[in-house]
2 protein chains.
Amino acid sequence: MLDPVSRVRRFNRAVTSAVGALDTSFLGRGRPLGAARVLNAIGHGRSDVAEIRDYLGLDSGLMSRLLRSLEDEGLIETNAREDDARRRMAKLTRAGRREFAAYEALSNAQADGILAQHSQAEALLAAMDLIASALTRERVTLNEMDPQGAEARYCLGEYYAELGRRFKQGFDVSRSRDPDAKDMRRPRGTFIVAISDTLPIGCVGLKGTDHGYAEIKRLWVAPAARGLRLGRRLMDATEDAARELGIRLLRLDTNSALPEAGQLYRSTGWREIPRFNDDPYPDLFFEKRL
Amino acid sequence: MLDPVSRVRRFNRAVTSAVGALDTSFLGRGRPLGAARVLNAIGHGRSDVAEIRDYLGLDSGLMSRLLRSLEDEGLIETNAREDDARRRMAKLTRAGRREFAAYEALSNAQADGILAQHSQAEALLAAMDLIASALTRERVTLNEMDPQGAEARYCLGEYYAELGRRFKQGFDVSRSRDPDAKDMRRPRGTFIVAISDTLPIGCVGLKGTDHGYAEIKRLWVAPAARGLRLGRRLMDATEDAARELGIRLLRLDTNSALPEAGQLYRSTGWREIPRFNDDPYPDLFFEKRL
DNA sequence: CATGATGTCTGACTTTAGTCAGGTATCTCC
DNA sequence: GGAGATACCTGACTAAAGTCAGACATCATG
């Protein structure tokens, strides 16, 4: 009852029945699950028929029939794609949007129901984030994104909050050398966000300078995604981007209150060097030649 | 992407596909899922046909046919029950045990696969325990059990470990007034373990004394089960048991390093009283008249 | 513009899951 | 020992999901 595998299997049993309950509530709308799934895929923004078929793992004959049944119900309409008349696009009609909203309400109610039972919802959510990240690990994508976009701003907010918790003296961005967003856009640098199924779970910035090197800044991995070696993936991607931009020398600063970061740098070919800036927060400085 | 409901739904998507993958691997053994589920229920020790049917939510006709198909495969045999020849018992044949072991191996491999990907398996397991407890909350059973049985000993071990972490000076059972197991068995007292689908997640002892009162001891709730108001359920059950045993006065001691416990007692009718023993660990003492 | 590849659709089929109405043997209780 | 309840089984049925082959229009390419 206590070995790791039994604990995972207990977890499996628990979530299987919770997931089954959602399916049952979907059936309550009087439509087979297959059709409901297609409708929801379209509602969530997928419109290319082949893509939906692929996403849901359906045979093309079955897919075609499900689309027809949704069309007969007046919930969707399909059109040939303009650039390739063999392919079809599906979109919701007004009635379809209403029906999709009803499914969304069921999903939201189920999610709410789980949270409402629990007096420590934040702990429950953190556990769910952790598991979702672990299970979709291979589907985490690293994307170059605007350092001032919504995803980047979210990551940076979490990053600063965590520094505030971990530094004895707290952390105030305005006292740190806040890199100009321009320095983290191509061609001077870049900003990479790790996304797991819509949720940003990590980031890193590559900041161009005029001193013959570029700096790695703002490396952050969400607590829920720790243990997945995402930090290393982010660093690898940044180094690749730097090489691509013709950068030959990288530097970074960090703090000994973040031991896991220091360990990562040391184990991936970074060399400790003397202080190279006057930022008040860092006390460790590294360099790596590409 | 960041509101609680979206996070729950991201979690749902992640586990749905993981669960689906396990079903698919089960299908790889060339048997429909319905039959596989019945075989596994029997392998896990369920033998009464009506009980299995109930557990899996199957129609009696369907159940009968699934049993027949497993029998035709030579994996199970069924017999009338000795005390009631209408009812049937199913058990695995030698070939059935082999086949069951193969399914177990698939389940274990899936569980292992999830754990192996993660460099911080203990954090992942804790998150799974938390979620499994939250989802099966209404199925947590409170059972009077032997205070020296495996489940009780597990709970007490976790309890002592936690006190060790939370008391500044640590915790050494031998220095505390360790209640005699006899005092926590009927008719002098009792010991209650909360079980969630095989996993013990909380306990409490009622210890009889010869001083005109009984004591509540060893109230513990697993970290994974906090937020479910299990502490209160355990206390209610203990008070019920005490009343049943004719006990009119309850006392307990606790420590201000466990604020959530003190809060629970205060909010459920306990009154703070002066020290009534010389145990070195507690610094708070309560009493409740039933 | 002919050829082969691609994307979708249709018809014919199978498997799985599930429902429902009896039927039979057995049990409980008067 | 008979009446009614209970547990399981069987036959007949339906719905849903999925498979497969071939048809058809459209596209890319030489």
Side-chain angles (χ1 to χ4, degrees), chain A residues 16-17 19-42 46-73 76-91, chain B residues 16-17 19-42 46-73 76-91:
Chain A
T16 301
S17 68
V19 165
L22 184 59
D23 281 354
T24 307
S25 83
F26 269 31
L27 283 176
R29 297 212 57 82
R31 200 170 287 108
L33 277 179
R37 270 194 266 272
V38 171
L39 181 68
N40 278 287
I42 298 169
R46 293 175 201 270
S47 53
D48 189 298
V49 166
E51 184 202 334
I52 297 171
R53 201 170 54 211
D54 196 49
Y55 169 65
L56 296 174
L58 299 175
D59 172 88
S60 103
L62 181 52
M63 178 70 184
S64 181
R65 260 177 281 267
L66 292 173
L67 284 174
R68 226 46 61 223
S69 82
L70 289 170
E71 229 166 18
D72 292 349
E73 279 194 272
I76 64 166
E77 48 192 36
T78 61
N79 299 295
R81 244 167 75 159
E82 287 182 15
D83 59 334
D84 182 345
R86 291 170 303 179
R87 318 190 77 178
R88 311 219 93 202
M89 306 289 277
K91 67 174 185 196
Chain B
T16 300
S17 68
V19 166
L22 184 58
D23 281 353
T24 307
S25 83
F26 269 31
L27 283 176
R29 297 212 58 81
R31 200 169 288 108
L33 278 179
R37 269 195 268 270
V38 172
L39 181 70
N40 279 287
I42 298 169
R46 292 175 203 269
S47 52
D48 190 297
V49 165
E51 185 202 334
I52 298 171
R53 201 171 53 209
D54 197 50
Y55 169 66
L56 297 174
L58 299 176
D59 172 87
S60 104
L62 181 51
M63 178 70 184
S64 183
R65 260 178 280 267
L66 291 173
L67 284 175
R68 225 50 56 225
S69 81
L70 289 170
E71 231 166 16
D72 292 348
E73 280 194 89
I76 65 167
E77 49 192 35
T78 62
N79 298 295
R81 245 167 75 159
E82 287 184 12
D83 59 333
D84 182 345
R86 291 169 305 179
R87 318 191 79 180
R88 313 219 91 202
M89 305 289 278
K91 68 174 186 197

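In what follows, chains are A, B, ... by sequence order, proteins preceding strands, each numbered from 1.
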Task: Side-chain N or O of R53(A) closer than 4.0 Å to phosphate OP1/OP2 of dT8(C) - done: yes
TODO: Let me know, please, whether S60(A) or R31(A) comes out on the 5' side of the other along DNA chain D by nearest nucleotide.
DONE: R31(A)
TODO: Rounded off to whole Å, could you give me the CG-to-P distance for the L67(A) and dC9(C) pair?
DONE: 6 Å
Task: Of L66(A) and E82(A), the one whose closest DNA chain D nucleotide lies more 5' - done: L66(A)
Open item on the list: Taking only side-chain N and O atoms of R68(A), does any of them lie within less than 4.0 angstrom of OP1 or OP2 on dC9(C)?
Closed with: yes
TODO: Report the distance from atom CG of D59(A) to atom P of dA17(D), rounded to the nearest whole Å.
DONE: 14 Å
Open item on the list: Looking at every heavy atom in both S60(B) and R53(B), which two are closest together, and how far apart are they?
Closed with: CA-CD, 3.4 Å
TODO: Would you mind classifying the nucleic acid contact of R65(B) as base, sugar-phosphate or nothing, using non-hydrogen atoms under 4.0 angstrom?
DONE: base
TODO: Report yes if some heavy atom in the side chain of R37(A) is under 4.5 Å from a heavy atom in the side chain of L66(A); otherwise report no.
DONE: no
TODO: Could you please name the option among dC9(D), dT26(D), dG7(C) that lies closest to any side-chain atom of A85(A)?
DONE: dT26(D)
- [ ] Give a yes or no on whether a donor-acceptor pair under 3.5 Å exists between the nucleobase atoms of dT6(C), that is its base, and the side chain of R86(A).
- [x] yes
Open item on the list: Please check: side-chain N/O of E71(A) versus main-chain N/O of T78(A), any donor-acceptor pairing under 3.5 Å?
Closed with: yes
- [ ] Classify the nucleic acid contact of R81(B) as base, sugar-phosphate or nothing, counting any heavy atom under 4.0 Å across all strands shown.
- [x] nothing
- [ ] Return the minimal non-hydrogen interatomic distance between V49(A) and M63(A), and the atom names on each side.
- [x] O-CE, 3.9 Å
Open item on the list: Taking only side-chain N and O atoms of R88(B), does any of them lie within less than 4.0 angstrom of OP1 or OP2 on dC9(D)?
Closed with: yes
Open item on the list: Heavy atoms only, 4.0 Å cut-off, all strands: where does D84(B) land among base, sugar-phosphate and nothing?
Closed with: sugar-phosphate
TODO: Give the nucleotide from the list dT19(D), dG7(C), dC9(C) with an atom nearest to the side chain of L62(A).
DONE: dT19(D)
